[in-house]
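Below, all heavy atoms of this structure are taken into account, side chains as well, without hydrogens, waters or symmetry copies.
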Amino acid sequence: ISLVFCGLMTKEAQKPVVKVAVIGLGRAGHFHLQSITDLPQAVKLTWVIDVDKEKAQRIAAERGCNWSDQLDEALKGPDAVDAVVI
């Protein structure tokens with residue numbers, strides 16, 4: 001996805017503007033994490049969310065983001081996300 005074409009990022013502003021949460025850290029979740037990692041100029045991983053609290057905490061520590069087992073936390077406050085990937 002080109003975020004420039006979606007109107008979420010201008011060509012001049014080459015910094016992360018879309019804060020994203022990944023919900024579910026199973027096999028597909030890891031593919032999503034890799035895709036987000038490949039787009040540092042456009043996307044910032046802000047939250048990882050999984051029912052397995054230990055897994056969420058470990059991956060958040062590895063990725064430098066917040067973690068939770070509940071989506072609600074990622075939708076409010078200063079680190080509220082702009083988008084979620086399920």
Side-chain angles (χ1 to χ4, degrees):
I1 293 176
S2 172
L3 296 174
V4 172
F5 295 121
C6 294
L8 297 173
M9 191 174 94
T10 66
K11 289 183 180 180
E12 296 82 29
Q14 296 296 314
K15 63 180 184 176
V17 294
V18 180
K19 295 187 286 187
V20 175
V22 173
I23 302 173
L25 300 172
R27 186 175 181 181
H30 285 282
F31 288 116
H32 296 313
L33 289 172
Q34 185 58 51
S35 296
I36 291 167
T37 301
D38 291 343
L39 296 169
Q41 72 282 3
V43 182
K44 178 182 179 187
L45 179 64
T46 309
W47 287 87
V48 291
I49 301 166
D50 197 274
V51 294
D52 183 339
K53 292 179 183 181
E54 291 178 12
K55 181 188 284 187
Q57 189 173 20
R58 177 178 47 81
I59 292 173
E62 292 171 1
R63 302 287 179 146
C65 65
N66 301 303
W67 70 273
S68 181
D69 64 340
Q70 300 291 319
L71 175 60
D72 293 351
E73 292 184 53
L75 298 177
K76 50 189 164 183
D79 286 331
V81 297
D82 302 310
V84 297
V85 179
I86 302 173

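- The closest side-chain heavy-atom distance from V22 to I59 is not below 4.5 Å.
- Contacts of Q34 classified as side chain to side chain donor-acceptor pair (under 3.5 Å), with partners at least two apart in sequence or in another chain: D38.
- Take T46 and apply the side chain to side chain donor-acceptor pair (under 3.5 Å) test, not counting sequence neighbours, and it matches no residue.
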Q: List the steps and the verdict of side chain to side chain contact (heavy atoms under 4.5 Å, CB included) for L39 and V18.
A: CA-CA 11 Å; L39 296 169; V18 180; over 6 Å; no
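- In this structure, CD1 in I36 is found 9.0 Å from SG in C65, a value given to the nearest 0.5 Å.
- If you chain together ILVMFWY residues whose side-chain heavy atoms come under 4.5 Å of each other, L75 ends up grouped with I23, W47, I49, L71, V81, V84, I86.
- T37 is linked by a side chain to side chain donor-acceptor pair (under 3.5 Å) to R63, counting only residues two or more places apart in sequence or in another chain.
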Run the side-chain donor-acceptor check on residues 50-58: report pairs under 3.5 Å with partners two or more places apart or on a different chain.
unit_1: D50; atom_1: OD1; unit_2: D52; atom_2: N; d: 2.8
unit_1: D50; atom_1: OD2; unit_2: L25; atom_2: N; d: 2.7
unit_1: D52; atom_1: OD1; unit_2: E54; atom_2: N; d: 3.2
unit_1: D52; atom_1: OD1; unit_2: K55; atom_2: N; d: 3.1

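- A side-chain hydrogen bond (donor to acceptor under 3.5 Å, both in side chains) check over residues 72-86, counting only residues at least two apart or in different chains, returns the pairs N66-D79, S68-E73.
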